[in-house]
Amino acid sequence: MTTLPDTSNPFPENVDQVFTHCRVATMAKGNYGIMENAALAVSGKSIAWIGPMDALPETLGCKMVTNCRNQWILPGFVDCHTHLIWAGSRAKEFEMRLDGASYADIAKAGGGIVSTVKATRAASENTLFDLASSRMAHFLTQGITTVEIKSGYGLDLDTELKMLAVAGRLNKACPQHITATFLGAHALPPEFASRSDDYISEITQVMLPAVKHQGIATAVDAFCETIAFSREQTRQVLETAIVLGFAVKLHAEQLSDSSGTAMAAQMGALSCDHLEYLSTEGAEKMAAHGTVAVLLPGAFYYLKEKKVPPLDVFRRLCIPMAVATDLNPGSSPVHSMIPVLNMACLLFGLTCEEALAGATIHGAKALGLADRKGSLEPGKDADFVIWDVASPADLCYLTGITPVKMVVIAGRTEHRSV
Ligand code: NIG
Ligand code: FE
């Protein structure tokens with residue numbers, strides 16, 4: 001089912017740019033929303049108009065006209081779950097997993113997230129900035145125009161603040177829109193070994209107020225899992241975050257069912273992420289509270305998981321499904337949305353339309369940004385990608401190439417393929 005946008009509006013005045021002769025998948029309302037033989041007008045940083053070519057006035061009266069030669073325009077990808085700032089490599093652990101060690105075994109032996117914490121603590125802010133900005137530059141070539149970035153490889157006040165400061169610098173230096181999320185409750189730092197409640201107090205009493213004071217994150221996340229924090233500990237973190245005015249989200253039900261999702265949804269979480277082990281009761285709480293399900297097939301693939309998230313339940317309960325890279329050095333070193341779309345279809349069973357909605361409008365919903373990002377509609381930010389593909393489904397079907405022609409963010413052309 002496709003939905004056509006309202007084209008009853010006449011072509012507006014004061015348009016700066018028009019993209020003509022294109023095919024558009026608006027992704028509005030989570031459907032392709034296909035318009036063939038269309039044009040898209042931009043005014044300043046926003047989309048001013050989308051309509052049929054034959055509704056264009058004879059003289060456009062604007063400086064820039066781009067003939068898209070029948071190529072496809074889709075909203076820029078919204079990557080609503082990344083851990084994009086880190087130092088070091090976990091290739092050794094990848095080899096250990098190939099030899100049979102599990103992600104949980106490695107974490108219990110002091111590797112995993114904690115090994116990235118060591119490297120990230122040791123790196124200077126400038127080094128972290130350089131590493132992360134080259135990842136952001138690569139993301140741009142992959143059509144990713146909005147990025148959520150989590151802290152969580154510091155696990156002490158200074159390094160968590162350093163990571164969030166880097167996210168703030170990236171937001172100024174890179175063309176993409178970045179949202180920063182505090183993930184202090186990602187793993188237990190070694191200096192708090194066997195004292196996880198004390199670390200939770202450090203987060204609620206010291207770290208969260210400091211992050212709030214500096215205004216460098218808008219959301220708070222935690223890892224609710226047997227190898228990380230209990231539901232009760234997670235609840236304390238999210239409760240304090242809500243009191244301080246943060247949006248909340250949760251890594252939940254990734255490796256086992258800790259019922260973190262039901263709790264977070266009842267607290268008004270924007271999203272719960274991973275969800276392979278989610279129960280129907282947990283999903284019902286998500287539906288009741290409007291929580292988005294963020295699916296992370298990259299982590300499922302790299303960890304060779306077997307249990308897929310309950311898609312049929314999400315569909316039955318009309319829970320929006322977002323799809324994100326989960327870019328991180330351990331469970332998902334995937335630097336592009338294209339393979340993630342492919343994995344979402346082949347490993348989880350999403351349709352191409354669902355996967356693309358997941359990486360656009362539902363990703364925006366998971367960040368509370370659906371009023372500005374994630375679909376092509378007049379009034380929304382002019383963030384879009386021109387793709388040299390035969391159909392939108394090609395973006396899920398093809399891997400190993402990224403057929404980007406042009407990436408436009410806030411009305412500016414930020415990348416062109418050569
Ligand atoms: O989303 N699950 C917890 N956090 C990350 C993994 C981070 C890491 O392994 O470094 C995730 O998969
Ligand atoms: Fe994650």
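Both ligands and their constituent atoms are indexed starting at 1 by order of listing. Below, each value reflects all heavy atoms present in this structure, side chains not excepted, and no hydrogens, waters or symmetry copies.
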- Query: From the Fe ion (ligand 2) out to just under 2.8 Å, does an N/O/S atom of D221 turn up?
  - Reply: no
- Query: Hey, is there an N, O or S on H274 sitting under 2.8 Å from the Fe ion (ligand 2)?
  - Reply: no
Is the ring pair [X]/[Y] parallel, tilted or perpendicular, if the boundaries are 30 and 60 degrees?
X	Y	answer
H186	H251	tilted
H83	Y153	tilted
Y199	F192	tilted

To the nearest 0.1 Å, how far is [atom] from its closest protein heavy atom, and which atom is that?
atom	result
atom 11 (C) of ligand 1	D326 OD2, 3.2 Å
atom 4 (N) of ligand 1	H186 NE2, 2.8 Å
atom 12 (O) of ligand 1	S331 OG, 2.5 Å

Numbered atoms of ligand 1 (with element) below 4.0 Å of [X], judged on heavy atoms:
X	result
Q254	2 (N), 3 (C), 12 (O)
H81	1 (O)
G330	9 (O)
H274	1 (O), 2 (N), 11 (C), 12 (O)
Y153	7 (C), 8 (C), 10 (O)
I113	7 (C), 8 (C), 9 (O), 10 (O)
R90	8 (C), 9 (O), 10 (O)

- Query: Taking the non-hydrogen atoms of E225, is any one of them nearer than 4.0 angstrom to ligand 1?
  - Reply: no
- Message: With a cutoff of 4.0 Å, is Y103 in contact with ligand 1, counting heavy atoms of the residue only?
- Response: yes
- Is the closest basic N to carboxylate O distance between K373 and E148 below 4.0 Å? no
- Hey, are R372 and D381 close enough for a salt bridge, meaning a charged N less than 4.0 Å from a carboxylate O? yes
- Quick one: the NE2 of H251, the Fe ion (ligand 2), NE2 of H81 angle, rounded to 10°, please. 90°
- Message: Restricting to N, O or S atoms, which atom of D326 is closest to the Fe ion (ligand 2)?
- Response: OD1
- Would you find a donor on one side and an acceptor on the other, under 3.5 Å apart, between the side chain of N67 and the backbone of R69? yes
- Task: State, without any angle test, whether H81 and D326 hold a side-chain donor-acceptor pair at a distance under 3.5 Å.
- Result: yes
- Query: Would you say the side chains of N126 and S124 form a donor-acceptor pair under 3.5 Å?
  - Reply: no
- Message: Quick check: T116 and ligand 1, any N/O pair under 3.5 Å apart?
- Response: no
- Would you kindly specify which portion of H83 sits under 4.0 Å from ligand 1, judged on non-hydrogen atoms: side chain, backbone, both or neither? side chain
From [atom1] ([X]) to [atom2] ([Y]), nearest 0.5 Å:
X	Y	atom1	atom2	value
H415	I409	NE2	CD1	10.5 Å
Q71	M406	CD	CE	9.0 Å
I144	H138	CD1	NE2	7.5 Å

